[in-house]
Amino acid sequence: MTTTGMIADAILAIRDNAYYCGNYVLVDGNYKMDVTVDHDLNVIFNRIEKRRSVNDYRTVSFIPDGFNMEELISFIKKYSLIKKEEIESAEELEEMMKEEIKSNEYNLKQINWAGTMAGY
């Protein structure tokens, strides 16, 4: 298992998720990690498993030598924060568009009313 491989899998998992938090299964080589990112961007490792055969994994209680867990946690937090900010920006933009539509509808009603009063 490599730190780079798990980070690459985390990129795909977080990118494909509709929200910035959630449960992810990261796989690299013979290892699989079950990870949760909560609403406060805490990274929780629920389980680390090692492959025994093609579709058979067993839970292990250690981190493989050479694996940089801090780097993976840091990356997941940063990427989840970026995703959170993207979602919040999209929500703000959507709200601004709704307000603009309401304003335009109001202005059209005012124009129609003024036209009616002027005899058009």
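Quick caveat: nothing in here was measured; it's all calculated off a predicted structure.
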Nearest heavy-atom contact between I76 and A10 is CG1-CB, 4.1 Å
D40 side chain vs N42 backbone, donor-acceptor pair below 3.5 Å: no
Using side-chain contact (heavy atoms from CB on, under 4.5 Å), reason through Y19 and K84 one step at a time and then give a plain yes or no. CA-CA 7 Å; Y19 205 54; K84 179 181 179 183; over 6 Å; no
Rounding to 0.5 Å, atoms CD1 (I14) and OG (S80) come to a distance of 3.5 Å
Side chains of D9 and D28: closer than 4.5 Å at any heavy-atom pair? no
Test your reading of the model: is there a side-chain donor-acceptor pair from R58 to the backbone of E49, 3.5 Å cut-off? no
Answer yes or no: is there an ion pair linking E94 with K98, defined by an N-O contact shorter than 4.0 Å? yes
Can you confirm if the NZ or CZ of K83 lies within 45° of the ring axis of Y20 and under 6.0 Å from the centre of its six-membered ring? no
Side-chain contact test, heavy atoms from C-beta onward, threshold under 4.5 Å: evaluate it for M69 versus F67 and give yes or no. yes
Counting heavy atoms not belonging to Y106, are there more than 12 under 6.0 Å from its OH? no
Are Y31 and L26 close enough that some pair of their side-chain heavy atoms sits under 4.5 Å apart? no
Sub-4.5 Å side-chain heavy-atom contact between M33 and Y24: no
If I compare all heavy atoms of G29 with all of R51, which pair ends up nearest, and what's the gap? O-NH2, 3.2 Å
What pair of heavy atoms forms the shortest contact from I48 to F62, and how long is it? CD1-O, 4.2 Å
V60, I44: one ILVMFWY side-chain cluster at the under-4.5 Å cut-off? no
In terms of hydrophobic clusters joined by side-chain contacts under 4.5 Å, are F45 and M6 together? yes
Closest non-hydrogen atom pair between T3 and G66, with its separation: OG1-O, 4.2 Å
